[in-house]
Amino acid sequence: MCPMSSPRRVRPRKQPKTKAGETIADAVITATEQILADTGLDGFSTNRVAERAGVSVGSLYQYFPNKEALLAEVAKRLERRAERLILELLERTREEPLESVIEGVVDVLLGDGLSQRRVRHVLRYEVPSSWIQDTSEPVDREIQAAVVAELGRRNDVRSDASPEMLTWISTYALELLVEQVVLNQPALLESAELRRELVRLVHGYLKK
């Protein structure tokens, strides 16, 4: 990973305390994500973000001190989005076969529901894990706990290892593989072959 710089501040300057402030901050982050999707880093600047968001640059700087803080906040938004989508999926597919659940998880990780592939590539390349640790760590814990509970209750999952160990190996193997695709070959996110092989890998490991 090769971040743009090592800024002293990548956290928001302040949290919005009013509805108007929340609207501004949300518009700025949405605009950041849209610009990254359209042009990548080439067209990315605080001026362009403010213009796309329909706010003044001064209003942007009230909440975000620099471009790096904007990137970090978009990355955090994607972490929370992934958590919501996966938890909703696990709840929705409780009665479905294990392979169907795994297919759903893989589709979340590969799909545009998280964000467009250009955005994900930029974030994976530019945002060190330390910038988003305060969000990614609790998100990981929530997802891990949900998967442990799901594997522990199913009768189509192997029982010769603990649900905790099965969860740890399968989720991190899948996450790291997808991260490498996002970083090095983002076009593969649309590959049916990659989807099939990831499902086969995880299902083959977990199935009874």
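What you see below is based on every heavy atom in this structure, not just the backbone, and it leaves out hydrogens, waters and symmetry mates. Along the sequence shown, the residues carry numbers beginning at 1.
- Taking a cutoff of 4.0 Å between a charged side-chain nitrogen and a carboxylate oxygen, K76 and E79 do not qualify as a salt bridge.
- Rounding to the nearest 0.5 angstrom, the gap separating the CG atom in L41 from the CZ atom in R118 is 10.0 Å.
- The side-chain contact (heavy atoms from CB on, under 4.5 Å) search around L177 returns L198, L201, not counting sequence neighbours.
- Judged by distance alone, the side chain of H121 and the main-chain N or O of P186 form no donor-acceptor pair under 3.5 Å.
- Residues K67 and T46 meet the side-chain proximity criterion, which asks for heavy atoms closer than 4.5 Å.
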Distance-only donor-acceptor hits, side chain of residues 88-114, under 3.5 Å, sequence neighbours excluded:
from : atom 1 : to   : atom 2 : distance (Å)
T93  : OG1    : L89  : O      : 2.7
D107 : OD1    : R195 : NE     : 2.6
D107 : OD2    : R195 : NH2    : 3.2

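- Legend: residues meeting salt bridge (charged side-chain N to carboxylate O under 4.0 Å, His left out) with E164, ordered by chain and number and at least two apart, are absent.
- Side-chain heavy atoms closer than 4.5 Å link hydrophobic residues (I, L, V, M, F, W, Y) into clusters, and following such links, even through other members, never connects L85 to L123.
- Applying the ring-ring contact (aromatic ring centres under 6.0 Å, His included) test to pairs two or more places apart or on separate chains, those with a residue in residues 142-177 are W168-Y172.
- Each of D134, I132, V139 was compared with S136 under the side chain to side chain contact (heavy atoms under 4.5 Å, CB included) criterion, and only I132 meets it.
- The side-chain heavy atoms of L70 and F44, taken from C-beta on, include a pair separated by under 4.5 Å.
- Taking the side chain to side chain donor-acceptor pair (under 3.5 Å) definition, one finds that S59 meets it with S56, sequence neighbours left out.
- The number of heavy-atom neighbours closer than 6.0 Å to CD of E51, taken from other residues, nucleotides and ligands shown, is 12 or below.
- Within the model, atoms OG of S191 and CD of E197 stand 9.0 Å from one another, a figure rounded to the nearest 0.5 Å.
- The local environment of CD in Q185 is sparse, with at most 12 non-hydrogen atoms from other residues, nucleotides or ligands closer than 6.0 Å.
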Which pairs of donor and acceptor atoms, one on a side chain in residues 19-40, lie under 3.5 Å apart (sequence neighbours left out)?
from : atom 1 : to   : atom 2 : distance (Å)
T23  : OG1    : K19  : O      : 2.9
D26  : OD1    : R77  : NH2    : 2.8
T30  : OG1    : D26  : O      : 2.9
T30  : OG1    : R77  : NH1    : 3.2
T32  : OG1    : V28  : O      : 2.9
E33  : OE1    : R81  : NH2    : 3.4
E33  : OE2    : R81  : NH1    : 3.1
E33  : OE2    : S115 : OG     : 2.7
Q34  : OE1    : R52  : NH1    : 3.4
D38  : OD2    : R52  : NH1    : 3.4
D38  : OD2    : R52  : NH2    : 2.9
T39  : OG1    : I35  : O      : 3.1
T39  : OG1    : G43  : N      : 3.3

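- A single hydrophobic cluster is not seen to contain both L183 and L189; linkage of ILVMFWY side chains at heavy-atom distances under 4.5 Å, directly or through other members, places them apart.
- Contacts of S45 classified as side-chain contact (heavy atoms from CB on, under 4.5 Å), with partners at least two apart in sequence or in another chain: N47, R48.
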Assess whether side chain to side chain contact (heavy atoms under 4.5 Å, CB included) is satisfied between R120 and L78, documenting all intermediate values. CA-CA 9 Å; R120 296 176 66 182; L78 264 62; 4.0 Å; yes

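- If you chain together hydrophobic residues whose side chains sit under 4.5 Å apart, L151 and I169 fall into the same group.
- Under the 4.5 Å side-chain contact rule for hydrophobic residues, V74 and V127 share a cluster.
- Listed by chain and number, the residues in a ring pair (Phe, Tyr, Trp, His ring centres under 6.0 Å) with Y205 amount to none (sequence neighbours excluded).
- Sorted by first and then second residue, the pairs that involve residues 139-149 and meet side-chain hydrogen bond (donor to acceptor under 3.5 Å, both in side chains), not counting sequence neighbours, are Q144-T171.
- Nearest heavy-atom pair, V202 versus S170, reported as atom, atom and distance to 0.1 Å: CG1-CB, 4.2 Å.
- Cluster annotation: V178 and I86 are assigned to the same hydrophobic cluster (Ile/Leu/Val/Met/Phe/Trp/Tyr, side-chain heavy-atom contacts under 4.5 Å, transitive).
- Not counting sequence neighbours, the partners of A161 by the side-chain contact (heavy atoms from CB on, under 4.5 Å) test are R158, L166.
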Dump the intermediate steps for side chain to side chain contact (heavy atoms under 4.5 Å, CB included) on R154 and E150, then the final yes or no. CA-CA 6 Å; R154 299 186 69 97; E150 179 64 14; 2.8 Å; yes

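- Closest heavy-atom contact between Y63 and P65: O-CD, 4.0 Å.
- With sequence neighbours excluded, no residue forms a side chain to side chain donor-acceptor pair (under 3.5 Å) with T167.
- Partners of S159 by side-chain contact (heavy atoms from CB on, under 4.5 Å), not counting sequence neighbours: none found.
- Residues E126 and E68 are not in side-chain contact: their nearest non-hydrogen atoms beyond the backbone lie 4.5 Å or more apart.
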